[in-house]
2 protein chains.
Amino acid sequence: MYLRAIAFLHRKGRQYVSSSDLARQLHLKSPQIRKDFSYFGAFGVKGTGYHVETLIARIRRILKLESRQKAALVGAGKLGKALAEYPGFDVYGFDIAAIYDVSPDKIGKRIGSVKVQDVAGLAGLRDSDIRLAILAVPAHAAQRVADSLVGAGIRGILNLAPCYLAVPKRVKVITIDIAMELGILPYYV
Amino acid sequence: MYLRAIAFLHRKGRQYVSSSDLARQLHLKSPQIRKDFSYFGAFGVKGTGYHVETLIARIRRILKLESRQKAALVGAGKLGKALAEYPGFDVYGFDIAAIYDVSPDKIGKRIGSVKVQDVAGLAGLRDSDIRLAILAVPAHAAQRVADSLVGAGIRGILNLAPCYLAVPKRVKVITIDIAMELGILPYYV
DNA sequence: CCTTGTGAAAAACTTCACAGCC
DNA sequence: GGCTGTGAAGTTTTTCACAAGG
């Protein structure tokens, strides 16, 4: 979250940022931000703020994002295609290095520069250096694919299907349920 | 969140569910769930659990989801198109009732049964009963569109662009930054 | 025996306040 | 004057423990 806001300032050529600047932008209180940053190890400059580039490097290291990482995408439907060509992953240093689908119509086609492979071959991920996967398949197929991903040595799954996934503890799952997020809006209006 | 899990049980024909069942499924502790439900007003049956249909009705009422709601979609790019045809919104009772884009290539075309309109006409939303919007435009355009939406009387925005939006307090914004979510996975693996 | 509902204890998080430094 | 770093205070959230009911 911080990374996005700070990277934005960095692109605007900003050298230093103060906790209260960030607080305003992120709708947080400034001591909150200082406390968070102090967990990273203190490196702010009193009277000036935090050095933007140092801050970015520090956060990247904590998130283990120093080097570019590869991720696999499973599901080349409309959502999958949109994600495959989404430029936003680049900011965090991610490359979509493999794409899988069940549909024979899609297998063999290219999305960008990546060829769509048969999900049946998911196990082949074990021999690659891909340890993250994005799941953009229908909910009813999600658990099955997740099992294959786990079997293929995947360590983290970003699940776009509206369901919970049962996985071993060593695998981290983050679920984004877009419809659910929309569902909580009426509560506030 | 509860709604998704409970609706799932409902489709499987389950009549009652206990707090510990849900806890297992949602990776929470059972007293947590009982406490949450008790805020809704207690209606569990001791020794049996909660009546699934009553629970769904109760949650829908709290989230103001009793009747179907309309939402506008701004941005008919790849992501926008994927969302427009995403069946998941239906579960929560949402209809995508209007779609907007800037591109002349897209304006006038249909996505599903909805015709894409020019964003310049966003203000026309004021005369409709649409009070929620989904924003699927590039980050650099998001604030501008958000301003138009606010001007058109929109009360809630689901923002898919990786940026913060400045809006009046009466408007609720929920931002989903898919790349950011992927970005926190390496931290855990 | 299985469950809920809830007060009390514990933990986590947030905010405040201010000393110290540029 | 403007800002960081941090202990202390305050607040919210989570967990525990258990009485009471089907």
Side-chain angles (χ1 to χ4, degrees), chain A residues 1-3 5-6 8-10 12-59 61-63 164 169 172-175 180-181 184 187-188, chain B residues 1-3 5-6 8-10 12-59 61-63 164 169 172-175 180-181 184 187-188:
Chain A
M1 172 168 82
Y2 285 135
L3 198 50
I6 300 162
F8 177 72
L9 292 169
H10 186 232
K12 283 179 49 172
R14 187 78 165 274
Q15 295 261 328
Y16 285 87
V17 63
S18 74
S19 56
S20 32
D21 285 346
L22 282 172
R24 212 167 315 110
Q25 204 174 349
L26 301 177
H27 307 117
L28 300 168
K29 299 277 155 60
S30 62
Q32 175 73 279
I33 290 172
R34 291 202 295 280
K35 199 146 253 179
D36 289 348
F37 287 1
S38 82
Y39 289 133
F40 306 170
F43 54 94
V45 183
K46 305 190 178 188
T48 312
Y50 299 85
H51 188 243
V52 169
E53 285 187 27
T54 310
L55 205 42
I56 291 176
R58 211 55 84 91
I59 297 174
R61 193 161 80 225
I62 288 159
L63 292 178
Y164 283 86
K169 269 208 296 295
K172 174 74 182 173
V173 174
I174 293 180
T175 296
M180 182 190 79
E181 303 289 342
I184 60 190
Y187 172 75
Y188 290 100
Chain B
M1 174 168 82
Y2 285 138
L3 198 50
I6 300 162
F8 176 71
L9 293 169
H10 186 231
K12 284 179 50 172
R14 188 79 165 273
Q15 294 264 327
Y16 285 87
V17 63
S18 74
S19 55
S20 32
D21 285 346
L22 282 172
R24 213 168 313 112
Q25 206 175 348
L26 301 177
H27 308 118
L28 299 169
K29 299 277 155 62
S30 61
Q32 176 73 279
I33 289 172
R34 291 202 297 278
K35 199 147 253 179
D36 288 348
F37 287 1
S38 81
Y39 289 133
F40 305 170
F43 53 95
V45 184
K46 307 192 178 188
T48 312
Y50 297 84
H51 188 245
V52 170
E53 285 187 26
T54 310
L55 205 42
I56 291 176
R58 211 57 84 91
I59 297 174
R61 193 162 79 225
I62 287 159
L63 292 178
Y164 283 86
K169 271 210 297 294
K172 174 75 183 174
V173 174
I174 294 179
T175 295
M180 183 190 79
E181 302 288 343
I184 59 189
Y187 172 77
Y188 290 100

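All of these numbers come straight from a predicted model, not from anything done at the bench. In the text below, chain A, chain B and the rest are named by the order of the sequence lines, each starting its count at 1.
Applying the side-chain contact (heavy atoms from CB on, under 4.5 Å) test to B:I184 and every residue at least two apart in sequence or in another chain returns A:L63, A:I174, B:E181. Qualifying ring pair (Phe, Tyr, Trp, His ring centres under 6.0 Å) partners for A:Y16, counting only residues two or more places apart in sequence or in other chains: A:H51. In this view, A:R14 and A:D21 satisfy the side chain to side chain donor-acceptor pair (under 3.5 Å) rule, not counting sequence neighbours.
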Which pairs, protein N/O on one side and nucleotides 20-22 of chain C N/O on the other, fall under 3.5 Å?
{"from": "C:dC22", "atom 1": "O4'", "to": "A:K46", "atom 2": "O", "distance (Å)": "3.3"}

I'd like a list of close polar pairs between nucleotides 8-15 of chain C and the protein, N/O only, cut-off under 3.5 Å.
{"from": "C:dA8", "atom 1": "N6", "to": "B:K35", "atom 2": "NZ", "distance (Å)": "3.3"}
{"from": "C:dT14", "atom 1": "OP2", "to": "A:Q32", "atom 2": "NE2", "distance (Å)": "3.1"}
{"from": "C:dT14", "atom 1": "O5'", "to": "A:Q32", "atom 2": "NE2", "distance (Å)": "3.1"}
{"from": "C:dT15", "atom 1": "O4", "to": "A:K35", "atom 2": "NZ", "distance (Å)": "2.9"}

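Residue contacts shown for A:S30 are absent, as no nucleic acid heavy atom lies under 4.0 Å away.
Contact detail for B:I6 and B:L22: the closest heavy-atom pair is CG1-CD2, 4.1 Å.
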What pairs of donor and acceptor atoms, side-chain ones from residues 26-48 of chain B against any protein atom, are under 3.5 angstrom apart with sequence neighbours left out?
{"from": "B:R34", "atom 1": "NH1", "to": "B:S19", "atom 2": "OG", "distance (Å)": "3.1"}
{"from": "B:D36", "atom 1": "OD2", "to": "B:Y2", "atom 2": "OH", "distance (Å)": "2.6"}
{"from": "B:S38", "atom 1": "OG", "to": "B:K35", "atom 2": "O", "distance (Å)": "2.8"}

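The distance from atom NE2 of A:H10 to atom CD of A:Q15, rounded to the nearest 0.5 Å, is 8.0 Å.
A:M1 has its side chain within reach of B:Y164: a pair of non-hydrogen atoms, C-beta onward, lies under 4.5 Å apart.
Proximity of residues 49-56 of chain B to DNA chain C (heavy atom under 4.0 angstrom from any strand atom) is restricted to B:G49, B:Y50.
Chain B approaches DNA chain D over the interval D:dT14 to D:dG22, counting the first and last nucleotide 5' to 3' with an atom under 4.0 Å from its heavy atoms.
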